Amino acid sequence: MGRQSYNPTEQRVVYPNNGMCHQDWKKVSRRYPGNSICTTKYTLLTFLPQNLFEQFHRWANLYFLFLVILNWMPSMEVFHREITMLPLAIVLFIIMVKDGIEDFKRYRFDREMNSASIQIYGRKEQTYMQKRWQDVRVGDFVQMRCNEIIPADILLLFSSDPSGVCHLETANLDGETNLKQRRVVKGFSQQEVQFQPEHFHSTIICEKPNNHLSKFKGYMEHPDQTRTGFSSDSLLLRGCTIRNTEMAAGIVIYAGHETKAMLNNSGPRYKRSKIERRINTDIFFCIGLLFLMCLIGAVGHGLWNGTFKDHPPFDVPDADGKFLSLALGGFYMFLTMIILLQVLIPISLYVSIELVKLGQVYLLHNDLDLYDEETDLSIQCRALNITEDLGQIQYIFSDKTGTLTENKMVFRRCTIVGSEYCHQENARRLETPKELDSDGEEWTQYQCLSFPPRWAQGPATIRSQGGAQPLRRSQSARVPIQSHSRQRSVGHWETSQPPVAFSSSIEKDVTPDKNLLSKVRDAALWLETSDTRPAKSSHSTTASIADFFLALTLCNSVMVSTTTEPRKRVTTPPSSKALGTSLEKIQQLFQRLKLLSLSQSFSSTAPSDTDLGESLGPNMPTADSDDKDNASEYSGDCSTDGGYRSSTWEQGDIMGSGSAESLEEGLEAPALSLDGPELCYEAESPDEAALVHAARAYSFTLVSRTPEQVTVRLPQGICLTFDLLFTLGFDSVRKRMSVVVRHPLTSEIIVYTKGADSVIMDLLEDPSCAACDIDVEKKLKRIQARTQKHLDLYARDGLRTLCIAKKVVNEEDFQKWASFRREAEASLDNREELLMETAQRLETHLTLLGATGIEDRLQEGVPDTIAALREAGIQLWVLTGDKQETAVNIAYSCKLLDQTDTVYSINTENQETCESILNCALEDVKRFYGPQQPSQKLCGCCIPSKMLPINSRAMAPEVGLVIDGKTLHAIFQGKLETKFLELTQYCRSVLCCRSTPLQKSMIVKLVRDKLNVMTLSIGDGANDVSMIQAADIGIGISGQEGMQAVMSSDFAIARFSHLKKLLLVHGHWCYSRLARMVVYYFYKNVCYVNLLFWYQFFCGFSGSTMIDYWQMIFFNLFFTSLPPIVFGILDKDVSAETLLALPELYKSGQNSECYNLPMFWISMADAFYQSLICFFIPYLTYRGSDIDVFTFGTPINTVSLTTILLHQAMEMKTWTVLHGLVLLGSFLMYFVVSLIYNATCITCNSPTNPYWVMERQLSDPTFYLVCLLTPVVALLPRYFILSLQGTYGKSLISKAQKIDKLSIDKRNLEIQNWRSQQRPTPASAAASASVPASGPAHVQSSCHPVPPTQQQDLATSTPKKSSPPRQKHAEDWVLQGPGCSGELSRDDTCSGETLAKLSSGECLLGPNRTMATTAYTRGQKDMSRHSGKGSHRRSQSSLTI
């Protein structure tokens, strides 16, 4: 075919697998991996060696393997060989079975994914065949249907959508349920029939596999040597789900582990708990101790043998009659002593730890507080070996969307031309969602009773023909888990779940504001008749309300579909004739309605002037006076009745049946004719969905959307079809979106714009230029000021704000702009810059219509959980792929950032700039906090110290850091990690926005490794998998965004709020129990083995024992094994209620107070002391008697057991019947087993003979005296120290234990007193106290950080047009300070990357918060001269760099 050669090492070449190109495909495809995936750690062949290798990471296992080998040597054999092997074999086998079960679960998941079915084109069959995912190869043609998951990375070549668009849900990649659009490659979008693979003869050349989710480039070379380029807009990524598109087809580019989703998944990491790593260290100490004891034994053996002139009779020669030399005999004795004292290393500890963790996991599973009724899910513990790490977490890394939030945007309030509508009824509905959802049937009845026929179908819960009930709250907007399993993802949805994202009842059902509802009707009628009368002033309230709701309906990318299965796009608007009512008739009906409304308004107690003026209708002149605007500024007369009952309908009911029937008769026809399939809105963002649903609540209904037209149904039922001329999409630079439409009635070209208030307010037309008279100018200024006030009010409430504006463009200007735009779209070089320039040229001189306040609903209990985790000393970072504005808003809503925090926002791509900014920010913070002291290591635990200078400690503001993905890239590439981490040490919170999955995992690894801290990651989507696996503990949110995060996690919970009890209660308990049990095990084994060591001094270091070997095995296996296990599972040092009420108790686990180096050595010293007492009191008692060695050893064994069990009893903080039974049972079991063993075993262990030893001892009173006296003397020091700690102890845990013993009332009072003492005076209060009461506004703001929602006007103001063009914002100036002015003081108006945007109301951290540096003061004075637009900016206590 004359194809050119390609370089496969630098680029990927894909040939299609069809008849013509099959040979080329066959040659190339063998180099590419298949689509089968494997996430397991083991295979059948590698399971045994790899698992054993991992288990022998534990030094104790290696040590016991060495002893087994040693004991098999005849000259070293102390015990029976098989018996020595048994403990190690049992331990290895139990853990091997557990690991095998965990990995088998992963294998089953892989098998399920690989076996999923998909339609693949068969070259021989000439049609699509049903095959498995694992059969997909690079170059294959794949056909997918609605709701199917994409099996590989596929280049889109066909979509059933007429505009060549395929809608994707990317929840598994970025955690978001909103839909993304992918477009067919250019030249393939006009296919009317199904895609024909045999007609595709092009070669695809693209980049090599990489992990960049948002980057992809390549081109398609056709047989005629022409090329067609494509980008990530045409790539369907593995794991995404096809939505709202009946059919899509494409060619596979990357398969299997080369897909972008799999390259972002770093695979499972073998996790070892912190305690396990600590145990490994202490095992070394025990080995050192053992080595010392064995060395003493070997030297002592040599010295003792050296005292004999002749060889003693027990020294047996070898076969040649030769005796061992003293040195060789000492070496053999050294090895013999190792075998004898092997119990010093507690191998049974590992088995006990595994059993204890199983018990802890069982209790976790059965905690009802960690069960979620809505999703019917409880906690899942998927990794059993790190439960205790839950009690030592120092850093939490959380995703945002779906983890902190429910991803439900709810319309709360709006302001239109300076009048605020509070939507009180809607707020009340949202405050009691569960009551509304408690009985769908009653709610439906309530709707039908409360609302008249026309409106019952419109603004309220829109009913389908089947009369569907409103969606319950539990039917969340997220995709159900089942849709992500292959057998349920093909074309069918669960009937109990909403079919689209952002469509739950809490999002869809907006209760209109009564005050606004009446105005909307008038505005809609004015809009309908706008072409039949002279145009009213564009600044009138009525016109602005109509434009406001039209902007909400039009200015978005929402696609309209029906709820039929599979859902169908609505592209054809309903015919106006089908409504059966003429425009004139509807106009007459609404005139009658307005008269009713007017009579009602006269009878109301306090109508506002604005309401009265506008209720007279469009034909009556309305004077838009300032006083009238004032009257409704805050809607003081907000309706208090529920639902849609407005004064119009109430009056209609009062007037009698005649008028009511006539009204119903006129309105019934359109209502009935509008019945049909319910409309669904497929939005790319939840904000857009919320605004469209809000407009629909006021009966401005988006009916259909095509690439060329948008149809809107007005409240009267009339449909207007707007020609969609251009759509200027949202981007993070412009921070706004615009649509250019042609009005169907007036033929005007209108630009509707919505965007961030910080941007839109700067693009408004200057009132002095726009207004022809002074009154209109004043009114426009007043509208802008009031709207800004309302925006600040919304932001204070944590709402997401958007400004709505419009602009009318004349035909000539539009044609000029359109030609520029088309040129920009067609250009190849600098295309993005040209498109940006054309968009900015159009979006100027806007007219402000209003603003909206939307709430991104946090999950229940998130702010409380974050506050508690903070009190517990845990640092919380949010790593999200979402945009910066959204993340910051959520951070304020969930109390991650406080209103008084000073927030640094760093956004740069340049490494040098990034380094300069980090240096400046560090110097700025250090100037206030003082230099960071080096981290201290206490007991192996790294404790960072952050001490403030004494004079500024009380006035310290909290610092937050906001950083984006590009900056993170610059930090990692420029080796700036150390400076970045140093800055974060001063920060209360860190937000990383626009971060990729790989960046998330890199941040977690950076903090984990560099700071040597315990980390926890929590997320709900596949984009969080790498982060979850990189952390010490990974937690998946189950039941929200598929199952990939859960499958990769160590624990799975249903809600973020469950993290509070999981960490503060169960985490603390798990750590405390296990840590104290480990310390006890070391003590127990050292205490017991020392008895044998002391005996060596009296037996010539011969390696013999005074205790029977079976008794020694039983001692660890039966007599002392059960009490520590029960203790490790059930003990509670502090009650759950106290732990939740006092989160700071969690710090004991962070500081490793229960198990650290001093605790280990104290327990070792105690073990040595107790072993001395347990050996020498019986020794001194029986000294000089003629008892045999086992009769001497039995009381020693008995008193040591009693001492060890009583020691365990002293450690127990909780006593139940089970605790008592286990301790008593272990003690009695010793006597029962000993009596039976000594009575039956005559020659069990020849030549020794333990026959009838215990029976004789029990008949001797001396035995009882020894057993009573010895434990008391042995435990007296520990008892004395514990008593002192309980009486005078200052630790938080001991105080909490005292509180637990009080009655409930006294306990609650003590907890309140504790909390009031622990909480310091807020920094904000201290800072505000130091601010002088007088002085200019900008000086005060430099002393104290202002809440980000507080409006603060600058002292001076100049006209907008006088501002320099490059210095757009009043706060744009260069961050200067000692030590960094040389780096960043090039030019105040130069490169935006080096600018520090400082809002009025924020400052650089001065040395004492009362006066900034001279440079800053001078800069602020200069700044106030050109602060023309500062007055309408929302003040933020943040530093944007």
Side-chain angles (χ1 to χ4, degrees), residues 64 67-68 71 78-91 94 339-352 355 1080-1093 1095 1104-1127 1167 1170-1171 1174-1175 1178 1188-1208 1221-1246 1248-1258 1263 1267 1271:
F64 277 98
L67 289 184
V68 167
N71 200 57
V78 178
F79 308 119
H80 295 300
R81 300 172 182 176
E82 297 79 7
I83 293 175
T84 312
M85 288 179 58
L86 199 61
L88 179 64
I90 290 173
V91 169
I94 290 174
I339 299 172
L340 176 71
L341 304 178
Q342 63 175 305
V343 187
L344 186 70
I345 311 300
I347 189 170
S348 57
L349 171 62
Y350 289 109
V351 179
S352 300
L355 294 174
Y1080 174 76
Y1081 253 98
F1082 278 117
Y1083 146 81
K1084 173 174 73 80
N1085 284 34
V1086 170
C1087 180
Y1088 191 68
V1089 86
N1090 273 353
L1091 299 174
L1092 305 177
F1093 179 68
Y1095 180 66
S1104 60
T1105 66
M1106 73 290 193
I1107 302 171
D1108 182 76
Y1109 181 62
W1110 280 106
Q1111 285 275 25
M1112 291 170 63
I1113 289 180
F1114 289 157
F1115 185 88
N1116 269 325
L1117 197 60
F1118 297 120
F1119 306 148
T1120 60
S1121 61
L1122 207 52
I1125 292 173
V1126 172
F1127 168 75
Q1170 291 185 24
S1171 65
C1174 291
F1175 180 84
D1188 65 275
V1189 66
F1190 280 169
T1191 306
F1192 169 64
T1194 299
I1196 294 177
N1197 202 28
T1198 306
V1199 296
S1200 66
L1201 175 73
T1202 309
T1203 303
I1204 287 169
L1205 289 178
L1206 287 175
H1207 183 112
Q1208 175 74 87
L1221 286 176
V1222 166
L1223 280 172
L1224 188 61
S1226 297
F1227 186 69
L1228 294 176
M1229 184 193 294
Y1230 166 72
F1231 285 99
V1232 171
V1233 170
S1234 297
L1235 286 170
I1236 295 172
Y1237 175 67
N1238 290 350
T1240 58
C1241 188
I1242 300 172
T1243 57
C1244 291
N1245 199 9
S1246 180
T1248 58
N1249 183 10
Y1251 181 71
W1252 216 249
V1253 172
M1254 180 60 80
E1255 284 78 359
R1256 282 196 300 269
Q1257 284 286 5
L1258 289 176
F1263 174 76
C1267 290

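Quick caveat: nothing in here was measured; it's all calculated off a predicted structure. Hydrogens, waters and symmetry mates are skipped; everything else that's a heavy atom, side chains included, is used.
- The two residues Cys1174 and Leu1091 make their nearest non-hydrogen contact at CB-CD2, 3.9 Å.
- In this structure, CG in Leu340 is found 10.5 Å from CZ in Phe1093, a value given to the nearest 0.5 Å.
- Residues Cys1267 and Thr1198 come closest through the heavy atom pair SG-CG2, 3.6 Å.
- Panel note: side chain Thr1120, backbone Phe1115; a donor-acceptor pair is recorded below 3.5 Å.
- Screening Gln1257, Gln1111, Glu1255 for a side chain to side chain donor-acceptor pair (under 3.5 Å) involving Ser1234 leaves a single residue, Gln1111.
- Rounding to the nearest 0.5 angstrom, the gap separating the CH2 atom in Trp1252 from the CG atom in Leu1235 is 8.5 Å.
- The aromatic rings of Phe1231 and Phe1227 stand perpendicular to each other, their planes meeting at an angle above 60°, with 30° marking the opposite boundary.
- Classification of the Tyr1095-Phe1192 ring pair by plane angle, with boundaries at 30° and 60°, yields tilted.
- Taking both residues in full, the closest heavy atoms of Tyr1251 and Ala1239 are given as CE1-O, 3.2 Å, listed atom of the first, atom of the second, then distance.
- Residues passing the side-chain contact (heavy atoms from CB on, under 4.5 Å) test with Leu1223, sequence neighbours excluded: Pro1123, Leu1205, Gln1208, Ala1209, Met1212, Trp1215.
- Under a 3.5 Å cut-off, the side chain of Thr1194 and the backbone N or O of Thr1191 do not form any donor-acceptor pair.
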Phe1118 vs Val1233, side-chain contact (heavy atoms from CB on, under 4.5 Å): CA-CA, chis, key distance, verdict: CA-CA 10 Å; Phe1118 297 120; Val1233 170; 5.9 Å; no
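- Asn1085 approaches Leu344 most closely through the heavy-atom pair CB-O, 4.1 Å.
- Panel note: side chain Tyr1080, backbone Ile1204; a donor-acceptor pair is recorded below 3.5 Å.
- When each of Ile1107, Asn1197, Val1253 is checked for a side chain to side chain contact (heavy atoms under 4.5 Å, CB included) with Phe1190, only Val1253 meets the rule.
- When each of Asn1090, Leu1092, Thr1203 is tested with Ser1171 by the rule side chain to side chain contact (heavy atoms under 4.5 Å, CB included), just one qualifies, namely Asn1090.
- What you find for Thr1202 and Pro1271 is that their closest heavy atoms are CG2-CG, 3.9 Å.
- No hydrogens or angles considered: a donor-acceptor pair under 3.5 Å links the side chains of Asp1108 and Tyr1237.
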